[in-house]
Peer 1: 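Right, I'll just put the structure down here and ask away after.
Order of appearance sets the numbers: ligands from 1, and atoms from 1 within every ligand.
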Amino acid sequence: MTHDIYLDANATSPVLPAAIAAAADAMAACYGNPSSGHATGLHAKLLLDGVRERTRRMIGAGSGSVIFTSGATEAIQTAVLSALCAVRERQASGESTGDLLLYGATEHKAVPEALAHWNRLLGTGLTLRVLPVDGEGRHRLDVLRQLAPRAAMVCTMAANNETGTISDLAAIEKALLVSTSKAFWMVDSVQALGKLPLALESTRIDYAPFSGHKLYAPKGIGMLYVRDGAPFTALMAGGGQESGQRAGTENMAGIAALGAVLAALETGDTFRTPAQLHGYRSRLVASLREALPGIVFNTPLHAALPTTLNFSVAGLSSSDLLDVFDAAGLRVSAGSACSAAKAAPSYVLEAMALEGWRCASAVRLSFGPAVDDAFIDAACERIAHCGRAMRTGGLGQPLLHGGEDVIRVARDGASAWLALDEASRTCVVIDPAGPLVETIASMIRSRHYRVRGIVGTSSGVDALAVRAKLAELLDGQLDFAGTGDPFGWPAGSASVVLGLATSSVGIALGGQVVARISHDGDTSRSYLMGMSTGGALAPADVRFAFTNMAPADTHRDPSEQMGGLLNGDTVVCPAHDSANLICTTPASSARAVPPPDSMELDPADLDRFLRERPDAILVDVRNPWEHEAGRPVIQGRTACNVPLSRLPSQLAQWLGVESRPLVFICRLGTRSQRAAQCLHRAGYAQAWHLGGGLATHFSVRKSELSHS
Ligand code: PLP
């Protein structure tokens with residue numbers, strides 16, 4: 001994949017070239033202070049007035065005023081402050097004001113936060129009340145009609161940033177008029193600019209905030225419309241700029257850029273017509289349906305902006321989908337950028353009462369109205385590529401790809417192990433956890449493995465129930481009958497000699513064996529896997545040990561507890577990996593592990609490192625579907641894919657051969673760091689990882705290229 005496809009325009013948009021040129025010109029040629037009386041100042045003032053006039057035309061401001069701000073958040077504060085100061089005056093003069101601050105349940109967080117903040121600071125003592133929305137995200141007009149007489153201020157957005165739902169402003173206005181409510185009305189119009197027709201003067205709206213960076217202007221410029229006659233209190237006092245309504249020297253570069261965008265909107269052919277945008281959306285919808293079977297759209301298309309799609313896919317989380325899209329260079333998001341750091345489900349979708357899985361799996365795809373056919377072609381092609389990568393990589397329908405002998409299945413803190421023998425297509429499942437049974441069953445089914453045992457390292461009713469559930473799902477592929485002993489061990493297994501003369505029993509997997517060891521009077525068990533010869537599994541042949549022995553398994557030498565049944569390179573697979581070690585070796589506690597940063601390659605140093613170490617292998621530890629979506633090629637070297645689930649299996653092979661430098665890579669540098677640490681603990685010193693991940697590496701590259 002060569003270039004990014006940016007489909008997150010509701011978070012912020014790229015800046016239009018004409019806007020960049022206008023900003024540069026405002027800084028280079030028209031740099032005056034619009035408050036200065038000389039010609040240079042007048043020149044800047046002319047520019048300022050021109051953009052204000054154009055803005056007024058574009059939003060239909062009529063006799064209302066337009067104030068430039070730093071963005072919509074500031075405009076929202078100004079509107080709320082103005083309304084609440086007026087409410088306070090009414091309260092002081094004994095006038096009735098209503099006791100509620102009513103706001104839509106899906107408003108941007110800036111709105112309820114501003115209401116709470118200024119209500120507290122001004123001591124207005126009103127109650128914040130959520131105006132609920134229906135399943136399409138539209139305001140509940142019945143509730144509005146009921147509450148409007150009690151409202152001192154009503155805040156409703158024109159279109160939602162997460163779902164694109166377009167509010168029925170005419171119906172809201174009617175409800176306010178019919179109730180003869182005296183409430184001040186703010187309509188957050190950020191997502192409407194350039195996408196919906198606006199004629200503010202002909203409405204009852206008192207305040208309308210806007211933001212430049214949602215429509216091809218840079219960040220740091222916004223505006224507030226104030227209806228003629230609506231109360232106004234300045235948020236910032238100072239040098240009297242903006243007719244005393246917003247002090248501080250104006251952001252002329254931002255204003256000039258905004259002016260260029262609005263000029264393009266008013267006169268040029270830069271922006272697409274609504275019909276064209278609807279056509280683009282239909283094409284994206286068709287591509288998504290093809291690529292993601294099971295997709296559901298979270299807002300009915302007829303109720304939404306043509307530039308926003310919000311969807312969920314059954315069985316997949318938002319982060320699964322974002323990982324694939326991001327690996328393919330397709331930039332989308334799970335919801336608003338402000339909530340991206342919090343993994344919580346979207347409050348907007350929850351307010352629409354969508355089922356939990358839809359809220360937890362939601363993805364927002366949004367584009368700006370200046371995109372063209374070629375962009376949509378490329379986006380559709382990239383979506384199709386993601387669909388293929390997900391199928392090949394097994395996202396949603398986990399696959400065994402062949403060649404594995406041990407796999408760690410892990411998700412949300414639950415884990416399990418699969419011990420496999422490819423030649424005989426037989427396997428043993430060790431410690432399956434409840435949330436993973438469906439995944440494990442579908443992996444085993446994907447390559448028609450026979451299941452020789454489903455066993456645990458501990459006994460207990462819960463574990464028993466999980467094993468029984470898995471056995472039920474794999475009925476028809478089981479090579480054993482019944483539930484076995486309290487650990488699930490099947491009846492009738494053959495005897496095996498371990499170490500010098502420890503007799504045990506084992507389950508044959510082709511030429512390999514999975515042998516069991518009992519600890520502490522058989523209150524817990526471990527399992528050893530390796531090649532058996534003549535009914536014996538010699539310590540030198542034990543490749544894997546599955547155990548729940550010590551909580552910090554790496555800090556103790558399992559061979560002590562296992563009476564010398566292992567060798568120094570046996571890969572020890574912890575049953576409950578609370579320390580997130582993935583795997584260790586018996587000798588790991590004796591091996592010095594370097595501090596994490598000494599195994600970290602700075603993104604700027606990676607190219608040099610690879611030039612100096614031509615034998616280095618790049619290892620992508622992301623999931624197979626992420627790898628398929630965007631196979632990393634650095635310095636002409638294509639990375640191989642060893643996801644963390646397959647690291648133990650691969651480690652067993654790496655430990656046995658000549659040591660080549662390994663450079664682990666992943667998206668953000670977290671998984672690759674764990675892999676490098678795991679190898680160092682196992683005594684494989686030639687392991688590094690790319691700090692900051694591919695995301696940082698490619699952005700460093702990009703900025704180097706743009707500066708060269
Ligand atoms: N309102 C809506 C609907 C938005 O989408 C945003 C931006 O995310 C804002 C307000 C805040 O805008 P700004 O970033 O200009 O402060």
Peer 1: Could you verify whether a donor N or O on one side chain and an acceptor N or O on the other, from Trp185 and Thr156, lie under 3.5 Å apart?
Peer 2: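 Yes, because at least one side-chain N or O of Trp185 sits under 3.5 Å from a partner of the opposite role on Thr156.
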Peer 1: Would you check whether Glu107 reaches within less than 4.0 Å of ligand 1, judged by its heavy atoms?
Peer 2: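 For ligand 1, residue contact (heavy atoms, under 4.0 Å) with Glu107 is absent.
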Peer 1: Under 4.0 Å, heavy atoms only, figure out whether ligand 1 is touched by the backbone of Thr73, its side chain, both or neither.
Peer 2: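 For Thr73, backbone and side-chain atoms both sit under 4.0 Å from ligand 1.
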Peer 1: Report the part of Glu74 (side chain from C-beta onward, or backbone N, CA, C, O) that has a heavy atom under 4.0 Å from ligand 1; answer both or neither where that applies.
Peer 2: neither
Peer 1: Scan for ring-ring contact (aromatic ring centres under 6.0 Å, His included) pairs involving residues 246-284, sequence neighbours excluded, and state none if there are none.
Peer 2: Tyr216-Phe271
Peer 1: Using a strict cut-off of 4.0 Å, indicate which atoms of ligand 1 neighbour a heavy atom of Ser211.
Peer 2: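 Listed by number with element, the hits are 13 (P), 15 (O).
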Peer 1: Test your reading of the structure: does Ala72 have an N or O sitting under 3.5 Å from an N or O of ligand 1?
Peer 2: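 There is such a contact, yes.
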Peer 1: In terms of atom number and element, which parts of ligand 1 are under 4.0 angstrom from non-hydrogen atoms of Met157?
Peer 2: 3 (C)
Peer 1: Counting heavy atoms only, which part of Lys219 comes closer than 4.0 Å to ligand 1: side chain, backbone, both or neither?
Peer 2: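 Within the 4.0 Å criterion, Lys219 makes no contact with ligand 1.
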Peer 1: Looking at residues at least two apart in the chain, or sitting in another chain, which of them share a side-chain contact (heavy atoms from CB on, under 4.5 Å) with Asp323?
Peer 2: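 Asp323 satisfies side-chain contact (heavy atoms from CB on, under 4.5 Å) with Glu626, Arg667 only.
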Peer 1: When you compare ligand 1 with Asn10, is there at least one nitrogen or oxygen pair between them that comes in under 3.5 angstrom?
Peer 2: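 Min N/O separation from ligand 1 is not below 3.5 Å for Asn10.
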Peer 1: Quick check: closest heavy atoms across Ser312 and Asn298, and the distance to 0.1 Å?
Peer 2: OG-ND2, 2.9 Å
Peer 1: Which atoms of ligand 1 have any heavy atom of Asp188 under 4.0 Å away?
Peer 2: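 Numbered from 1, ligand 1 contributes 1 (N), 2 (C), 3 (C), 10 (C).
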Peer 1: Under a 4.0 angstrom heavy-atom cut-off, which atoms of ligand 1 come close to Lys214?
Peer 2: 5 (O), 6 (C), 7 (C), 8 (O)
Peer 1: Do Ser319 and Ser317 pair up side chain to side chain, a donor and an acceptor below 3.5 Å, judged on atom types alone?
Peer 2: yes
Peer 1: Verify whether one side chain among Thr163 and Asn310 offers a donor that lies under 3.5 Å from an acceptor in the other.
Peer 2: no
Peer 1: Can a donor-acceptor pair be found between the side chains of Ser63 and Glu201 at a distance below 3.5 Å?
Peer 2: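 On atom types as modelled, these side chains qualify, holding a pair under 3.5 Å.
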Peer 1: Give the minimum heavy-atom separation between Ser65 and Gln245, together with the two atoms involved.
Peer 2: OG-OE1, 4.3 Å
Peer 1: Pull out every atom of ligand 1 sitting under 4.0 Å from any heavy atom of His213, numbered as shown with elements.
Peer 2: 13 (P), 14 (O), 15 (O)
Peer 1: Distance under 4.0 Å to a non-hydrogen atom of Gly71: what atoms of ligand 1 satisfy this?
Peer 2: 15 (O)
